[in-house]
Undergrad: 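Starting off with a structure, shown below.
Order of the sequence lines fixes the chain letters, A, B, ..., with proteins taken first and strands second; residue numbering starts at 1 for each chain. Keep in mind it's a predicted model, so treat the numbers as computed, not measured.
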Amino acid sequence: MTPETIDRIFIIWKHWLLSYAPAGVQPLFSALLSVVPVLAVFPLLFAITTVLERKGLGRIQNRYGPNRVGPYGFFQPIADGVKSLTKEDVVPRTADQVVHFLAPLLLVAAAFLAYAVLPVGRNMVVANLNAGVLFFFAVGSLVELAVFMAGWSSRNKYSLLGAMRAIAQMISYEVPLVLASVVVIMAAGSLSTVTIVNMQASYTGIWPHWFVFTPWGFVGFVLFMIAATAEANRSPFDLPEGESEIVAGYYIEYSGFKFALFFLGEYLGMFATSGMAITLFLGGWAAPFSFLTWVPSYFWFFAKLLVLIAGFIWVRGTLPRLRMDQLMNFAWKFMLPMTLLNIFVAGAWHFMAAGSVRWLVCAVLIFAPSVLLALGLEKGKKKIAARTYRFAE
Amino acid sequence: MTIPFLILAALTIAGIAAAMYLRNLVHCILALTLGFAGLAALYLQLDAQFVGFTQILVYVGAVAILAVFAIMMTRSAGPMAQPVFSSSWIKGGCVAGAVFAVLAWAIDRSATSLEMLPPQPEVAVRQIGDALMRRFVLPLEIMGLLLTAALIGAVLIAMQEKPEMQ
Amino acid sequence: MSSLTSYLLLSSLLFSIGLAGALTRRSAILVLIGIELMLNAANLNFIAFWRYGPDPAALTGTMFAIFSISVAAAEAAVGLGIILAVYRHSKTTDLDQMNSMKG
């Protein structure tokens with residue numbers, strides 16, 4: 001088999017399967033064949049990620065992590081799944097039954113919808129929408145609603161507090177998330193994810209044309225990933241579910257399989273925003289070097305996804321949780337001005353002649369203000385003297 | 001009239017009617033998002049992809065969440081003891097019914113010269129952007145000004161006054 | 001019944017429901033939402049007329065709808081801000097109880 005055949009193998013399989021369907025139901029069958037792999041692959045990735053995360057965090061915290069089920073504990077997700085499926089599904093008596101039931105379903109449905117526009121390989125996208133990036137962010141806003149439904153319907157002050165924290169945080173960080181991706185839309189001149197990836201899938205020498213290798217692209221990528229961490233409610237932005245403050249936030253009153261659905265939805269959201277970051281900045285399914293283009297395109301997408309997930313796990317094991325005011329100050333006083341400035345720099349880049357001068361000017365334009373803004377965040381804070389521990393020395 | 005249109009229309013009407021007449025305010029907002037989503041789907045039916053997605057982003061993602069915040073901060077969630085309709089609800093209902101009757105009569109009587117569905121227009125997002133930047137650039141700038149003013153105004157109005165009274 | 005007529009009827013029904021809500025509900029928040037619904041009905045009209053109109057390539061209806069959505073967003077922000085300010089002052093969002101202009 002040639003590399004091209006391996007690259008197209010899923011498309012070939014789909015056409016082969018489609019040829020068995022009667023002509024009347026072919027559109028339906030085709031849609032089904034595109035959707036079912038997404039519904040299968042990403043939850044599997046979720047299962048793998050949970051065990052990788054627990055083992056990775058364990059290593060960071062100088063312990064083993066799960067190691068009982070299967071070789072090196074790698075069958076832990078199966079045990080977790082069996083456990084959550086067989087547990088009793090407790091619903092508080094005062095809860096709003098219908099809303100309480102619908103919230104996890106809406107969360108998972110919204111998370112899955114976002115995958116419709118992610119190109120996971122060459123010609124492998126469920127729906128090539130003309131306004132794909134807009135669709136992605138529109139669907140992402142449904143998650144906030146699901147979180148509110150969960151927190152409010154539980155009739156629990158901790159869950160309501162967690163939901164309000166989560167919504168405030170997600171709204172504040174959605175603005176920089178969208179604005180950080182605007183630079184790519186400007187450069188590509190399109191809202192279609194397929195077009196954006198195709199623009200990055202060419203090479204000068206052996207180096208790819210990914211947007212991350214420009215000053216505005218790099219800054220945009222970093223800002224996008226910070227905002228994505230906040231959107232996914234992951235450490236260091238995990239205030240909505242800070243277990244030491246408000247127990248578990250908005251899903252405190254969920255148990256059994258509904259709890260597992262929340263967990264799934266959260267990870268699916270993280271994968272989807274990471275996939276969007278890959279699509280926008282890291283060249284989507286494109287190979288990192290021109291001599292590696294023989295490797296199938298979907299392999300590159302998932303390899304990049306795993307690298308980003310590893311980054312998420314690393315950050316979670318490293319950074320402490322922020323305070324609410326720090327979180328909001330960071331969103332509105334650092335992220336927002338930086339994304340706006342980044343859009344300006346991307347415009348300047350577009351109108352300057354290619355060369356090293358353009359590189360230098362744009363890099364200075366974007367990095368100098370970022371340092372100044374970061375210093376400005378620290379200004380006006382009361383200097384706290386180093387704490388002395390009288391008895392613990 | 002096609003079957004998708006009927007389903008979407010029924011969904012939208014049901015959501016919006018529930019939003020206006022349920023007792024619990026949070027239920028109202030949730031039903032409202034259903035109605036907004038139905039409207040967005042109707043826009044997609046009419047080949048207005050961009051407007052449909054914008055509708056979801058703005059109404060479900062922003063307006064509904066804003067309303068939820070307002071409900072939470074004014075403590076008006078939960079079942080209310082008083083009646084939900086105002087004292088002048090008969091007059092209001094009559095006005096609304098009359099408005100609908102007049103509108104429906106006008107639509108029914110008006111010339112239906114535009115019966116044929118024109119061929120599907122090729123609306124790329126690019127064309128919308130071009131139109132915004134060329135033909136509609138002045139409205140766009142005014143809109144930016146308006147949004148900025150509204151943002152600052154909303155913050156100023158809703159800002160907590162200085163606690164000097166206490 | 002042509003398809004355009006059905007869209008227009010739907011939007012007039014939406015408008016009337018929004019109007020009825022705005023005129024009959026006690027809660028200030030829902031009155032604001034009723035006004036939003038009326039704007040939405042107008043948007044549906046714009047899109048329907050654009051789609052069935054003689055020149056869909058001109059994009060006039062789409063533009064109108066986009067601007068109208070932005071205005072509605074600004075309106076919602078300011079309106080809910082006003083409701084918050086009123087609530088802080090008079091401790092209610094019930095329109096029947098807000099019957100005095102003096103504090």
Undergrad: Could you measure the distance from the CD1 atom of A/Ile167 to the CG atom of B/Leu66? Nearest 0.5 Å is fine.
TA: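 The CG atom of B/Leu66 is 11.0 Å from CD1 of A/Ile167, to the nearest 0.5 Å.
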Undergrad: Looking at side-chain heavy atoms only, is the closest gap between A/Phe148 and B/Val26 below 4.5 Å?
TA: yes
Undergrad: As an exercise, state the distance from CH2 of A/Trp152 to CG of B/Asn24, rounded to the nearest 0.5 Å.
TA: 4.0 Å
Undergrad: Where is the tightest heavy-atom contact between B/Ile56 and A/Ala138, given as atom of each residue plus distance?
TA: CG2-O, 3.7 Å
Undergrad: With a 4.5 angstrom heavy-atom cut-off, could you sort out which part of A/Met149 is near chain B: side chain, backbone, both or neither?
TA: side chain
Undergrad: Report the residues that fulfil salt bridge (Lys or Arg N to Asp or Glu O under 4.0 Å) with B/Arg134, sequence neighbours left out, ordered by chain and then residue number.
TA: B/Asp130
Undergrad: What I'd like to find out is whether the side chain of B/Val60 reaches to under 4.5 Å of the side chain of A/Glu144, using heavy atoms alone.
TA: no
Undergrad: Measure distances from A/Leu191 to the heavy atoms of chain B and classify the residue's part below 4.5 Å as side chain, backbone, both or neither.
TA: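 Contact with chain B: side chain only.
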Undergrad: What's the shortest heavy-atom distance between A/Ile171 and B/Ile65, and which atoms?
TA: CD1-CG2, 3.3 Å
Undergrad: Please flag which part of A/Leu160 lies under 4.5 Å from any non-hydrogen atom of chain B: side chain, backbone, both or neither.
TA: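 When you check distances to chain B, only side chain atoms of A/Leu160 fall under 4.5 Å.
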Undergrad: Between B/Arg126 and A/Ser190, is there a donor-acceptor pair closer than 3.5 Å when you use the side chain of the first and the backbone of the second?
TA: no
Undergrad: Between CZ of A/Phe135 and CD of B/Gln49, what distance do you get to the nearest 0.5 Å?
TA: 9.5 Å
Undergrad: Restricting to non-hydrogen atoms, name the atom on B/Phe53 and the atom on A/Leu134 that form the minimum distance, rounded to 0.1 Å.
TA: CB-CD2, 3.6 Å
Undergrad: How about CZ on A/Phe101, more than 12 heavy atoms from neighbouring residues, nucleotides or ligands closer than 6.0 Å, or not?
TA: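 Atom CZ in A/Phe101 is not crowded, with 12 or fewer foreign heavy atoms closer than 6.0 Å.
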Undergrad: With only heavy atoms counted, which part of A/Val143 is less than 4.5 Å from chain B, the side chain, the backbone, both or neither?
TA: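 The answer is neither part of A/Val143.
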